[in-house]
Asker: 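Below: one structure in structure tokens.
Counting convention: from 1, in listed order, for ligands and their atoms alike. Reckoned from all heavy atoms, side chains included, excluding hydrogens, waters and symmetry mates. Sequence positions, counted from 1, serve as the residue numbers for this chain.
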Amino acid sequence: MTFMQSLQAAWRRNDSLVCVGLDPEPAKFPARFAGDADAVFAFCRAIVDATADFACAFKPQIAHFAALGAEDALQRLVAYIHATHPGVPVILDAKRGDIGSTAQNYAIEAFDRYGADAVTVNPYLGRDSLQPFLDRADKGVVILCRTSNAGAGDLQDLVVNGRPLYQHVAAKVAREWNAHGNCLLVVGATWPQQLREVRAIVGDVPFLVPGVGAQGGDVEAVVTNGCTTDGTGLLVSSSRAILYASRGDDFADAARAATLALRDDINRHRRGV
Ligand SMILES: O=C(O)c1cc(=O)[nH]c(=O)n1[C@@H]1O[C@H](COP(=O)(O)O)[C@@H](O)[C@H]1O
């Protein structure tokens with residue numbers, strides 16, 4: 001199955017547009033993990049097991065593993081998700097982008113070393129920098145378009161040939177770079193107006209939408225402005241609000257409850273969109 005097929009199946013099977021972000025921060029782990037040499041893996045595995053049936057994807061953030069020297073835990077975690085929850089695709093959040101020869105190695109890293117089904121990439125270096133990712137027709141290529149952070153507009157809003165840069169990214173991806181139908185766009189939940197504008201440009205291209213939960217994005221506005229006409233088209237991603245919903249021994253139950261609450265909140269608004 002391709003990434004897009006697994007995503008569509010997971011949307012339906014789990015009736016969910018929630019992507020669970022895996023951003024381990026050991027300082028926020030429950031006390032029971034203190035002194036556990038494999039705490040990063042054990043914590044993330046517990047979160048994955050508690051949320052898999054309410055999620056359409058998992059999104060491990062590579063810097064949160066690499067900064068801890070925990071690349072091996074990331075590799076084992078992706079393998080664990082594939083083995084134990086095979087219907088839930090894994091998006092590696094690595095925001096890669098470089099000249100072709102280096103990009104080729106980034107693609108091998110994401111898809112072959114880590115076994116990810118999709119990866120986030122930065123389009124700033126242009127099409128050739130993404131070609132090694134785009135060529136992997138069975139994998140998802142998740143391209144930054146209008147990011148969730150406060151400074152997103154510094155460059156992404158600069159007007160070029162009469163429209164903001166992020167709209168050029170959206171149009172190029174939809175019309176030129178998506179030949180294999182394996183592209184997605186990142187549009188932050190914190191920018192509902194831009195979600196609407198990008199949706200109007202790209203048709204059914206799915207959006208990864210970070211920024212609900214800890215960053216304060218409004219779920220109703222995301223669904224209303226971002227869903228496709230069939231009421232899907234979104235991976236609404238939340239990390240800290242799920243992972244650290246409780247710092248106690250009930251952290252996995254609390255993560256499950258937070259994921260279910262987000263799923264149901266999204267679904268309330270998407271019925272009939
Ligand atoms: O590509 C991303 O995932 C991403 C894009 C973006 O525009 N904003 C954004 O917050 N992210 C990532 O999404 C996650 C958001 O985490 P929370 O704010 O805790 O839900 C982090 O891992 C970010 O690196």
Asker: Is ligand 1 less than 4.0 angstrom away from at least one heavy atom of Gly213?
Answerer: no
Asker: Can Asp93 be said to touch ligand 1, with heavy atoms closer than 4.0 Å?
Answerer: yes
Asker: Any idea which atoms of ligand 1 are less than 4.0 Å away from a heavy-atom of Asp23?
Answerer: 14 (C), 16 (O), 21 (C), 22 (O)
Asker: Side chain, backbone, both or neither: which applies to Gln61 and ligand 1 if a contact is any heavy-atom pair less than 4.0 Å apart?
Answerer: side chain
Asker: Looking only at protein heavy atoms, which one is nearest to atom 5 (C) of ligand 1, and what is the separation?
Answerer: Pro210 CG, 3.5 Å
Asker: Specify the protein heavy atom at minimum distance from atom 20 (O) of ligand 1: its residue, its atom name, and the distance to 0.1 Å.
Answerer: Ser239 N, 2.9 Å
Asker: Which ligand 1 atoms are under 4.0 Å away from a heavy-atom of Val186?
Answerer: 5 (C), 7 (O)
Asker: State whether Arg96 and Asp98 are salt-bridged, where the test is any N-O pair (Lys NZ or Arg NE/NH1/NH2 against Asp/Glu carboxylate O) under 4.0 Å.
Answerer: no
Asker: Hey, which atoms in ligand 1 end up nearer than 4.0 Å to a heavy atom of Ser238?
Answerer: 20 (O)
Asker: Would you say Lys95 touches ligand 1, if touching means a heavy atom closer than 4.0 Å?
Answerer: yes
Asker: What are the atoms of ligand 1, with element, lying closer than 4.0 Å to any heavy atom of Arg240?
Answerer: 17 (P), 18 (O), 19 (O), 20 (O)
Asker: Against ligand 1, does Lys59 come closer than 4.0 Å with any heavy atom?
Answerer: yes
Asker: Give a yes or no on whether a salt bridge exists between Asp253 and Arg256, defined as a side-chain N under 4.0 angstrom from a carboxylate O.
Answerer: no
Asker: Keeping the roles fixed (side chain from Asn182, backbone from Lys139), state whether a donor-acceptor pair exists under 3.5 Å.
Answerer: yes
Asker: Pairs in or reaching into residues 210-223: which pass side chain to side chain donor-acceptor pair (under 3.5 Å), with residues at least two apart or in two chains?
Answerer: Ser148-Gln215
Asker: Is it true that, when you exclude Asp112 itself, more than 12 heavy atoms of the residues, nucleotides or ligands shown sit nearer than 6.0 Å to its CG?
Answerer: yes
Asker: Considering only heavy atoms of Ser148, which atoms of ligand 1 have at least one such atom less than 4.0 Å away?
Answerer: 6 (C), 7 (O), 8 (N), 9 (C), 10 (O)
Asker: Inspect the contact between Arg76 and Asp72 and indicate whether a charged nitrogen and a carboxylate oxygen are less than 4.0 angstrom apart.
Answerer: yes
Asker: Is the ring pair Phe43/Tyr244 parallel, tilted or perpendicular, if the boundaries are 30 and 60 degrees?
Answerer: parallel
Asker: Which atoms from ligand 1 have a heavy atom of Thr147 less than 4.0 Å away?
Answerer: 7 (O)
Asker: In this structure, is the centre-to-centre distance between the rings of Phe65 and Phe41 below 6.0 Å?
Answerer: no
Asker: What I want to know is whether Gln215 and ligand 1 share at least one N or O pair that is separated by under 3.5 angstrom.
Answerer: yes
Asker: Within 45 degrees of the axis of the six-membered ring of Phe29 and under 6.0 Å from its centre: does Arg247 put its NZ or CZ there?
Answerer: no
